[in-house]
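Each chain gets a letter, A, B and so on, in the order its sequence line appears, and its residues count up from 1.
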Number of protein chains: 2
Amino acid sequence: MVLRAARKLFVEKGYHAVSIPAIVKDSGVSTGAIYSYFSSKEDLAKQVYEQTLDHFEARFIERVSSSSNTYEKLRAFARLVFEVTEDDPDAMEYMVSIRHEEFITDAVPLCYSEPFRWIQQIVAEGIEKGELKTGDYFLSAVSFTGVIIRAVELRLSGVVKESLLEVGDELITNAWATIKV
Amino acid sequence: MVLRAARKLFVEKGYHAVSIPAIVKDSGVSTGAIYSYFSSKEDLAKQVYEQTLDHFEARFIERVSSSSNTYEKLRAFARLVFEVTEDDPDAMEYMVSIRHEEFITDAVPLCYSEPFRWIQQIVAEGIEKGELKTGDYFLSAVSFTGVIIRAVELRLSGVVKESLLEVGDELITNAWATIKV
DNA sequence: AAGACAAGAACGAACATTCTATCTGGAGTG
DNA sequence: CACTCCAGATAGAATGTTCGTTCTTGTCTT
């Protein structure tokens with residue numbers, strides 16, 4: 001439960017504003033125990049990041065691989081993102097809103113992580129197959145995910161009031177419009 | 001020059017990881033002088049924020065008010081965002097990537113700031129006038145700005161290699177596609 | 001009885017802020 | 001014109017607090 005408590009606090013206050021005593025208090029685990037599991041505060045943050053990303057990747061693979069065409073795949077991705085945002089907002093916020101370079105040395109930015117690389121590949125293949133408009137595949141991927149991720153950011157910060165599960169279809173329609181043929 | 005040095009450091013390392021001694025060293029202004037200008041570190045961050053936002057708003061008004069129809073206005077907004085991103089990346093990063101709630105009490109989120117409220121209004125009017133597709137005006141505004149802002153974020157983090165001034169037109173086309181009739 | 005592990009006190013470093021000594025430049029004086 | 005003086009600004013040392021990490025002590029388990 002240390003990982004979960006730490007992530008909650010990191011998301012709430014930011015890595016540098018969260019002290020070990022605060023994590024001790026929130027998790028109920030003592031300083032000594034934390035330092036027997038993790039070599040440092042940075043190591044703790046790194047494991048939080050990896051666990052969160054791994055969990056997302058697992059769900060991503062499960063969903064996307066069962067889809068056939070480009071639209072289905074991108075839609076499956078978007079719906080997964082919306083679901084995680086609503087079910088486990090801390091996880092989503094730790095992935096999209098946190099500037100990990102600030103405290104994790106040699107952190108792989110989210111946009112280079114597997115799911116986002118695959119989105120780029122899906123878009124590239126979609127263009128090749130003529131399912132998407134021609135153009136720079138990278139910019140097309142940025143545009144599609146931009147609509148989705150921006151909506152997530154605004155939902156997480158409370159600006160968007162409605163559940164993304166409700167307005168998700170309209171967002172997916174908008175995102176799809178950026179790249180469809 | 002304290003404001004500029006502080007902003008550079010805040011953007012680089014994050015507010016809580018920047019110490020007053022570090023700002024002293026980078027700006028060449030002493031601790032005493034800083035505390036005679038600003039009542040606290042938070043006050044300094046707040047003035048950095050306000051100055052940066054005010055400057056952007058002034059340029060925004062200048063550009064957008066000289067445009068006539070919905071497309072021209074949104075395009076002017078996007079081009080301004082791209083220009084600032086390339087000319088003064090610290091300013092743009094301090095506006096879009098920094099989580100100000102972490103250290104500025106009662107900070108107005110960027111998405112509630114004047115420029116973004118106006119974008120919402122421009123979109124709402126565009127829908128009313130039939131220049132944009134019908135639908136939730138708020139989601140349409142999120143979608144349009146999502147494409148733009150996401151591209152900025154990826155450009156600032158170095159993921160996008162090309163200048164946004166070069167690829168801006170393609171991004172604007174993509175963003176426009178999310179809302180056009 | 002002993003080994004492993006957890007609890008939390010202890011430690012040095014570094015922080016935000018305050019305080020005081022020093023400097024600076026321009027008005028006042030002869 | 002030379003000199004004095006003083007108010008406001010600046011520099012940087014001092015202060016009390018809090019941090020990340022380590023260390024000692026106590027407590028289970030077998």
Side-chain angles (χ1 to χ4, degrees), chain A residues 1-53 90-91 93-95 97-108, chain B residues 1-53 90-91 93-95 97-108:
Chain A
M1 279 302 87
V2 182
L3 289 171
R4 196 158 280 267
R7 190 175 68 189
K8 196 198 92 197
L9 288 170
F10 289 156
V11 164
E12 234 165 60
K13 302 170 189 287
Y15 173 80
H16 287 109
V18 174
S19 67
I20 299 291
I23 298 173
V24 168
K25 197 177 169 190
D26 246 55
S27 67
V29 178
S30 72
T31 314
I34 289 177
Y35 274 88
S36 83
Y37 297 139
F38 309 100
S39 66
S40 66
K41 188 182 168 189
E42 181 182 331
D43 180 48
L44 167 57
K46 199 177 293 188
Q47 293 205 32
V48 169
Y49 184 62
E50 279 166 14
Q51 193 216 258
T52 305
L53 210 60
D90 282 351
E93 191 155 0
Y94 200 72
M95 287 191 290
S97 301
I98 303 293
R99 307 178 73 230
H100 298 92
E101 347 56 274
E102 277 181 14
F103 54 94
I104 300 182
T105 52
D106 64 43
V108 176
Chain B
M1 280 305 88
V2 183
L3 289 171
R4 196 159 280 266
R7 191 176 67 188
K8 196 198 92 198
L9 289 169
F10 289 156
V11 163
E12 233 165 60
K13 303 169 187 286
Y15 173 80
H16 287 107
V18 174
S19 67
I20 298 291
I23 298 173
V24 168
K25 197 178 168 190
D26 247 54
S27 68
V29 178
S30 71
T31 314
I34 289 177
Y35 274 90
S36 84
Y37 296 140
F38 310 100
S39 65
S40 67
K41 188 181 166 187
E42 181 182 330
D43 180 47
L44 167 58
K46 199 177 292 187
Q47 292 204 33
V48 170
Y49 184 62
E50 279 167 13
Q51 193 215 256
T52 305
L53 210 60
D90 282 351
E93 191 155 0
Y94 199 73
M95 286 191 289
S97 300
I98 303 292
R99 307 179 73 230
H100 298 92
E101 354 45 279
E102 276 180 15
F103 53 95
I104 301 182
T105 49
D106 64 43
V108 177

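Applying the salt bridge (Lys or Arg N to Asp or Glu O under 4.0 Å) rule to pairs touching residues 27-38 of chain B yields nothing, sequence neighbours excluded. Pairs of residues two or more places apart, or lying in two chains, never qualify as side-chain hydrogen bond (donor to acceptor under 3.5 Å, both in side chains) while including a residue from residues 10-20 of chain A. Screening residues 22-33 of chain B for salt bridge (Lys or Arg N to Asp or Glu O under 4.0 Å) gives K8(B)-D26(B) as the qualifying pairs, with residues at least two apart or on separate chains.
For DNA chain D, the contact window with chain B, defined by any atom under 4.0 Å from a protein heavy atom, covers dT10(D) to dG12(D) in 5' to 3' order.
Evaluation of the side chain to side chain contact (heavy atoms under 4.5 Å, CB included) rule for T31(B) yields I20(B), V24(B), Y35(B) as partners, not counting sequence neighbours. The ring-ring contact (aromatic ring centres under 6.0 Å, His included) test applied to F38(B) returns no partner, not counting sequence neighbours. S40(A) is linked by a side chain to side chain contact (heavy atoms under 4.5 Å, CB included) to E42(A), D43(A), counting only residues two or more places apart in sequence or in another chain. For R99(B), the salt bridge (Lys or Arg N to Asp or Glu O under 4.0 Å) criterion is met by E93(A), E102(B), not counting sequence neighbours. With sequence neighbours excluded, the residues forming a side-chain hydrogen bond (donor to acceptor under 3.5 Å, both in side chains) with T52(B) are R7(B), listed by chain and number.
Note on Y37(A): only backbone sugar-phosphate atoms sit closer than 4.0 angstrom, heavy atoms only; bases stay farther off.
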Yes or no on side chain to side chain contact (heavy atoms under 4.5 Å, CB included) for L3(A) and Q47(A), after CA distance, side-chain angles and deciding distance?
CA-CA 8 Å; L3(A) 289 171; Q47(A) 293 205 32; 4.2 Å; yes
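Between I23(A) and L44(A) the shortest side-chain heavy-atom distance falls below 4.5 Å.
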Which protein N or O atoms sit under 3.5 Å from an N or O of nucleotides 13-16 of chain C?
from: dA16(C); atom 1: OP1; to: V18(B); atom 2: O; distance (Å): 3.4
from: dA16(C); atom 1: OP1; to: K41(B); atom 2: NZ; distance (Å): 2.7
from: dA16(C); atom 1: OP2; to: I20(B); atom 2: N; distance (Å): 2.8

Atom pairs, protein N/O to nucleotides 7-11 of chain C N/O, distance under 3.5 Å:
from: dA7(C); atom 1: OP2; to: S30(A); atom 2: N; distance (Å): 3.2
from: dA7(C); atom 1: OP2; to: S30(A); atom 2: OG; distance (Å): 2.8
from: dG8(C); atom 1: O6; to: G32(A); atom 2: N; distance (Å): 3.4

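Here the closest non-hydrogen pair linking K46(A) and D106(A) is NZ-OD1, 4.5 Å.
Taking the six-membered ring where tryptophan is involved, the planes of Y94(A) and F10(A) are essentially parallel, since the angle between them stays under 30° and well short of 60°.
Of all the residues in residues 3-10 of chain A, not one reaches under 4.0 Å from DNA chain C with any non-hydrogen atom.
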